[in-house]
Structure formats: structure tokens, C-alpha cells
2 protein chains.
Amino acid sequence: MGATTQRRGTAQRRYERAERILDAATGLVLRWGYDKTTIDDVARHAGVAKGTIYLHWGSREDLFAALMRWDRAQMIGAVRRRLQEDPATATLPGLFGLLAHELHRRPLLQAAMVQDSAVLGKLVARKQTSTTTPDMVAPFGEYLATLREHGMVRADLSLEDHLTLVAAVLHGSLVSLRMMPDSLRVSDERAGELIGDALARAFAAENPPSDAARAVCADATRAFVDQAYAVARAKLRESLGDDLPPEEDLSPAEGDPS
Amino acid sequence: MGATTQRRGTAQRRYERAERILDAATGLVLRWGYDKTTIDDVARHAGVAKGTIYLHWGSREDLFAALMRWDRAQMIGAVRRRLQEDPATATLPGLFGLLAHELHRRPLLQAAMVQDSAVLGKLVARKQTSTTTPDMVAPFGEYLATLREHGMVRADLSLEDHLTLVAAVLHGSLVSLRMMPDSLRVSDERAGELIGDALARAFAAENPPSDAARAVCADATRAFVDQAYAVARAKLRESLGDDLPPEEDLSPAEGDPS
DNA sequence: AGATGACCAGATGAACGAATCTGGTCACAC
DNA sequence: GTGTGACCAGATTCGTTCATCTGGTCATCT
């Protein structure tokens with residue numbers, strides 16, 4: 001019993017330290033850009049020694065890969081939590097609106113999505129970040145198929161059509177908001193609403209769905225997000241190893257990237 | 001009479017030469033990028049002497065400004081021509097679909113819109129290209145107001161909302177198409193359809209419009225495009241001066257940027 | 001009058017060497 | 001067992017120099 005407690009204490013402290021390092025790295029990359037952010041800087045801001053970082057990750061590259069995965073897992077986790085808190089959001093518009101909203105709150109993921117070389121520097125050339133996550137294409141296709149069977153979305157759009165529109169709208173909203181003159185800019189919140197709504201309307205079938213269809217859609221939406229979350233967690237575990245606590249032990253800070 | 005004919009022949013030849021130069025410059029910028037394209041290169045490809053370019057434009061910068069304006073005027077001209085040929089396209093979805101389609105055919109305007117530094121090089125940092133053309137914001141607002149009065153679009157979206165969605169979707173479609181894996185990519189034609197359709201659905205009012213409303217909308221659409229074309233032409237005239245023939249004397253090649 | 005291309009001042013880019021920086025290591029301290 | 005930071009090889013940066021390039025000019029030719 002005591003050995004188990006001690007073991008848990010150590011892993012918890014390691015995870016918290018990893019988080020501190022990831023937090024520090026995030027802040028510095030956003031401020032100075034990837035190229036200018038050194039391991040030494042990260043260590044100092046995280047309040048650890050430089051060598052300590054190598055206790056968590058084997059190389060600089062691994063640290064920054066962990067960063068993206070961490071932010072992504074947190075975003076999907078936040079969407080999932082919102083879905084759980086408010087069942088009314090378990091719809092197609094709800095899902096896209098939440099996704100857009102969470103994405104708009106995450107400058108690092110935004111930078112990755114728009115391949116912002118000011119932030120990501122050499123990472124841009126090296127990693128061709130796709131707006132689709134390959135692992136999630138098939139599950140998204142299945143989710144859409146479920147919606148289509150229940151008359152929730154138009155039957156005349158292919159998976160490619162759907163992905164094109166989702167990618168275009170999510171991506172475009174990030175960039176065009178930045179470029180919009182101040183007098184014409186809408187809030188991030190509003191942008192999220194507009195995006196969710198526009199996609200929902202673009203995909204909506206002619207006839208209003210039945211209540212039973214809505215219920216199936218809600219279940220399918222939650223299942224899809226659960227799956228996305230599981231994939232994101234698995235990826236993050238590749239970067240954090242045993243430092244990542246089991247799912248039920250998430251730290252309270254997760255979901256608030258500050 | 002004879003002097004007038006001679007005058008016209010000279011101006012026509014000047015305009016054609018200007019077009020040859022602009023055509024050559026376009027091709028080279030797309031191939032080598034703005035930074036690598038020299039005036040000497042342009043002259044050689046256009047089959048004129050280097051000094052001849054300075055008979056049309058005072059500086060390298062002016063030449064490349066003319067380039068963008070030329071392409072833009074051609075795009076809007078093409079949209080306008082399509083509207084005239086097929087009155088059924090004089091609708092909101094028709095307009096956006098045509099715009100998207102023409103934009104997808106114009107790599108230079110695309111590069112400007114997405115601020116592609118591979119193509120535009122130093123021009124990117126210098127000129128903060130907005131996805132909105134300031135001169136066209138108010139006319140677009142008026143066009144929307146007309147549509148709203150006649151129940152053609154939702155009454156709950158502001159001008160900012162509309163612009164946000166238009167900018168996001170047009171812009172996003174350019175970028176995300178490039179980033180989509182080959183197996184998932186749709187054709188440019190299809191992308192244009194999807195975009196026009198999505199925006200139309202996003203903006204559509206609840207109730208189907210009357211035939212009278214449709215007619216007003218068609219008139220308003222044509223008037224809006226006419227106005228956009230006039231603005232684009234005025235801008236182009238700033239770059240070409242008297243070399244630009246009056247509107248009715250457009251060369252047959254205009255509309256086919258090849 | 002109009003087109004041309006050699007010329008030139010200033011800009012650019014490549015090469016080089018020296019100084020500095022940085023990712024990764026590991027002996028040492030606790 | 002864990003955390004540390006001095007150390008070091010290689011990478012990067014920066015200033016200097018010089019060769020080459022390029023935008024713009026204008027005397028010359030047609």
C-alpha cells in the first residue's frame with residue numbers, strides 16, 4: 001500500500017514536471033518562435049535543469065512533438081468535456097462550433113494549422129501538416145455515414161466534399177480573421193458560431209430529422225469524439241510514456257491552457 | 001479621320017505590348033517567384049527591350065502592381081461575362097460559385113490571397129493583402145441589404161458575419177485544397193460548386209423567395225458585379241494609363257489568362 | 001518619335017573566418 | 001535513484017570582403 005502510494009506520487013510529480021516544461025515551451029515558442037527557443041530557455045522558464053528535460057524526451061525534436069500532441073489532446077478533451085456537460089451540443093453544428101471555438105483559443109495549434117513560419121520556423125518546411133488527421137478520416141466517414149442513414153445530412157455529398165468544406169472553413173476562419181481589418185472583425189466566439197452554423201447548413205438534409213434520428217446522431221457524435229480523444233491520447237502517450245497518467249487521473253488544469 | 005485611325009493603331013499596339021509584358025511577367029513570377037524575376041528576364045520573354053518596359057511603367061514595383069490589378073480585373077470581367085451569358089447564374093450562389101471558380105483558375109491571385117511567399121517573396125512582407133477589398137465593402141453591404149429586404153438572405157447576420165464567412169470559405173478553399181492528400185482532393189470545379197453552395201446555404205433565409213424577389217436579386221447581383229468591375233478597371237487604369245483601351249474595346253484575349 | 005541595349009551606382013549574394021551558441025552528455029552531488 | 005550544469009563537438013551567426021547582379025538611365029540608332 002505504501003509502496004503504491006509512493007510510486008503514484010513520483011509518477012504524478014513527473015507528469016506535473018512534464019506539464020511545466022510543456023507549458024514553458026509553449027509560451028516561448030509562441031513568443032520567440034520555434035527556431036529561437038532553446039532547450040536552455042525552456043529549462044530556465046520551467047524551473048528545471050537542462051538535463052532534466054532529457055529525462056522526459058530524448059531530443060529537442062521529441063519535446064516539440066510532445067508539445068503539439070499535448071495541445072491537440074487538450075483541445076479534443078475540452079470539446080469532449082463540453083459535449084458531456086451540455087448534451088444539446090451533441091449535434092453536427094454543436095461539434096463543429098465547439099471545435100472551431102477551441103481551435104480559436106489555441107495559438108499553437110492555429111500556427112500549426114496555417115503553417116505560420118513566424119512561430120514554427122524550421123518545423124514548417126520539415127513537417128507537412130495536413131488539415132486532415134489521417135487516423136480520423138475513416139472514423140469521420142463512418143460518422144457521416146451514420147448521419148446520412150438517419151437523414152441527418154445530405155446524401156449527395158461525398159466524404160471528399162465534406163472534408164473539403166470542413167477543412168476550408170476551419171482553416172480559412174483562422175487566417176481570414178487575422179487579416180480582417182479591425183472594424184470588420186468578429187469575436188472568436190462569434191466566429192465559432194458562424195462556422196458551426198455554416199457547416200451544419202451546408203450539410204443539412206432537406207427534411208427535418210425525427211427525434212429518434214436526433215438521438216442516434218447525438219450518440220454517434222459522442223462516439224466519434226470519444227474515438228478522436230482516444231487517438232489523441234495514444235499519440236500523446238508516445239511522447240510522454242508512463243509520465244502520462246491514466247485517463248481518469250487527468251490533472252484539473254487540463255482543459256485550461258492559460 | 002486618318003489621324004484618329006493612326007492614333008488608335010498606336011494605342012492598340014501599346015496596349016498589346018503591355019499585355020505581352022504582363023503575360024510574360026505573370027508566367028515568370030509563378031515559375032521563379034517575384035524575387036527571382038528580373039526586369040531583364042521579363043523583357044526577354046516579352047520580346048521587347050529592357051528600356052521598353054520603362055515606357056509603360058516607371059519602376060519594377062509599378063510593373064508588378066499592374067500585374068495584380070490586371071489579373072484581378074480579368075477575373076471580375078470573367079465573372080461578369082459569365083453572368084451575362086447565363087442569367088440563371090445571377091444569384092448569390094451563382095455569384096460565389098463563379099468567383100470561386102475564377103479564383104481557382106488564377107494562381108497569381110491565389111498566391112496573393114494566401115500570401116504565398118514562394119511566389120510573392122518580398123511582396124508578402126511589404127503589402128498586407130487583405131481578403132477584403134476596402135472599396136467593395138460598402139457596396140457588398142448594400143447588395144446584402146437589398147437581398148435582405150426581399151427575403152433572400154437571413155436577417156440575423158451582420159455585414160461582419162457575412163464577410164467573415166465569405167473570406168473564410170474562399171480563402172480556406174485555396175489553402176486546404178493544396179494540403180489535402182491526393183486521395184481526398186476534389187477538382188477545382190467541384191470546389192467552386194461546393195463553396196458557392198455552402199455560402200448560399202449559410203446565408204439563405206427560411207422562406208423560399210417569390211419570383212419578384214428573385215428578379216430583384218438578379219438585378220442587384222448584376223449591378224454589384226458591374227460596380228466591382230468598374231472599381232477594378234479604375235485601379236487598372238492607374239497602372240496602365242492611356243494604354244488601357246476604353247471598356248468596349250477589350251481585346252478578345254481578355255478572360256483567358258492562359 | 002519610338003525602341004534599343006550598353007553603362008553604372010548601388011544592391012545582392014557567396015565565401016570565409018572567427019566568435020558564439022546549442023543540443024546532448026555524463027561525472028558529480030545530494 | 002534523481003537532478004544538475006559544466007563541458008564539448010558541431011552548428012550557427014555575424015561581420016567583412018569582393019565578385020556579380022540588377023534597376024534605371026539615356027545616347028544612339030532606326
Side-chain angles (χ1 to χ4, degrees), chain A residues 2-21 24-25 28-29 32-67 121-123 125-126 239 241-243, chain B residues 2-22 24-25 28-29 32-67 121-123 125-126 239-243:
Chain A
T4 301
T5 302
Q6 183 177 18
R7 176 87 188 268
R8 288 290 304 279
T10 301
Q12 179 70 11
R13 279 203 302 275
R14 282 182 60 94
Y15 177 65
E16 283 169 3
R17 190 175 62 199
E19 281 200 307
R20 268 200 331 273
I21 295 167
L28 292 179
V29 166
W32 293 336
Y34 168 83
D35 290 346
K36 289 293 180 188
T37 301
T38 64
I39 298 288
D40 213 17
D41 295 326
V42 175
R44 259 187 279 109
H45 279 78
V48 297
K50 194 172 155 194
T52 304
I53 292 187
Y54 291 90
L55 297 180
H56 290 270
W57 299 282
S59 67
R60 184 176 190 270
E61 185 174 336
D62 290 344
L63 165 62
F64 288 106
L67 212 53
K122 296 203 230 0
L123 267 186
R126 187 188 315 162
S239 289
D242 289 344
D243 292 351
Chain B
T4 301
T5 302
Q6 184 179 16
R7 175 90 188 268
R8 286 292 303 280
T10 302
Q12 180 70 11
R13 279 203 300 276
R14 283 183 61 93
Y15 178 65
E16 283 168 1
R17 190 176 62 197
E19 280 199 308
R20 270 201 329 274
I21 294 168
L22 291 170
L28 294 178
V29 166
W32 292 335
Y34 169 80
D35 289 347
K36 288 292 182 188
T37 301
T38 65
I39 298 290
D40 213 16
D41 295 325
V42 175
R44 260 187 278 109
H45 278 81
V48 299
K50 194 175 157 191
T52 303
I53 291 186
Y54 291 90
L55 299 179
H56 291 270
W57 299 282
S59 67
R60 183 177 191 269
E61 186 175 335
D62 290 344
L63 167 60
F64 288 107
L67 212 54
K122 294 202 230 3
L123 267 187
R126 187 189 316 159
S239 289
L240 294 186
D242 289 342
D243 292 347

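In what follows, every chain begins at residue 1, and chains take the letters A, B, ... in the order their sequences are listed.
- Following rounding to the nearest Å, B:D35 (CG) and D:dG23 (C1') show an atom-to-atom distance of 14 Å.
- Between the CZ atom of B:F64 and the P atom of D:dT22 there is a distance of 12 Å, rounded to whole Å.
- Whole-Å rounding puts the B:D41 CG to D:dG24 C1' distance at 16 Å.
- The NZ-P distance, from B:K122 to C:dA11, rounds to 13 Å in whole Å.
- Rotation axes derived from the C1' atoms of the five outermost pairs at either end of the helix from C:dA1-D:dT30 to C:dC30-D:dG1 lie 30° apart, to the nearest 10°.
- Judged by closest nucleotide on DNA chain D, A:V48 is the one of A:V48 and A:K36 placed further toward the 5' end.
- Applying the ring-ring contact (aromatic ring centres under 6.0 Å, His included) test to A:F64 and every residue at least two apart in sequence or in another chain returns A:Y34.
- At the phosphate of D:dG3, neither OP1 nor OP2 sits under 4.0 Å from any side-chain N or O atom of A:T52.
- Within the model, atoms CG of A:L63 and CD1 of A:I21 stand 7.5 Å from one another, a figure rounded to the nearest 0.5 Å.
- Scanning both residues, B:K36 and B:D41, for their nearest heavy atoms gives O-OD2, 3.6 Å.
- D:dG23 atom P lies 16 Å from atom CG of B:L55, rounded to whole Å.
- For B:R60, counting side-chain heavy atoms from C-beta on, the closest listed nucleotide (D:dG23, D:dG5, C:dG24) is D:dG23.
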Contacts under 3.5 Å, N or O only, protein and nucleotides 25-30 of chain C:
none

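- Closest approach of B:Y54 to B:S59, counting heavy atoms only: CE2-CA, 4.1 Å.
- Although no hydrogens or angles enter the test, the distance criterion places a donor-acceptor pair under 3.5 Å between the side chain of A:D35 and the main chain of A:K122.
- B:L240 and B:L22 make their closest contact through CD2-CD1, 4.3 Å (heavy atoms, listed as atom of the first residue, atom of the second, distance).
- Of the candidate nucleotides C:dA3, C:dT4, D:dT4, C:dA3 has the atom lying nearest to any side-chain atom of B:R17.
- A salt bridge does not link A:D40 to A:K50: none of the charged nitrogens lies less than 4.0 Å from a carboxylate oxygen.
- Here the C1' atom of nucleotide C:dA3 and the CZ atom of B:R44 are 17 Å apart, to the nearest Å.
- One can place CD1 of B:I53 at 14 Å from P of D:dT22, the figure rounded to the nearest angstrom.
- Heavy atoms of B:T38 sit under 4.0 angstrom from primed sugar atoms or phosphate atoms, though from no base atom.
- For the pair B:D40 CG and C:dT4 P, the computed distance is 13 Å after rounding to whole Å.
- Heavy atoms only, all atoms of each residue included: B:H56 and B:R14 are closest at CE1-O, 3.2 Å.
- Atom OG1 of B:T38 sits about 7.0 Å away from atom CH2 of B:W32, to the nearest 0.5 Å.
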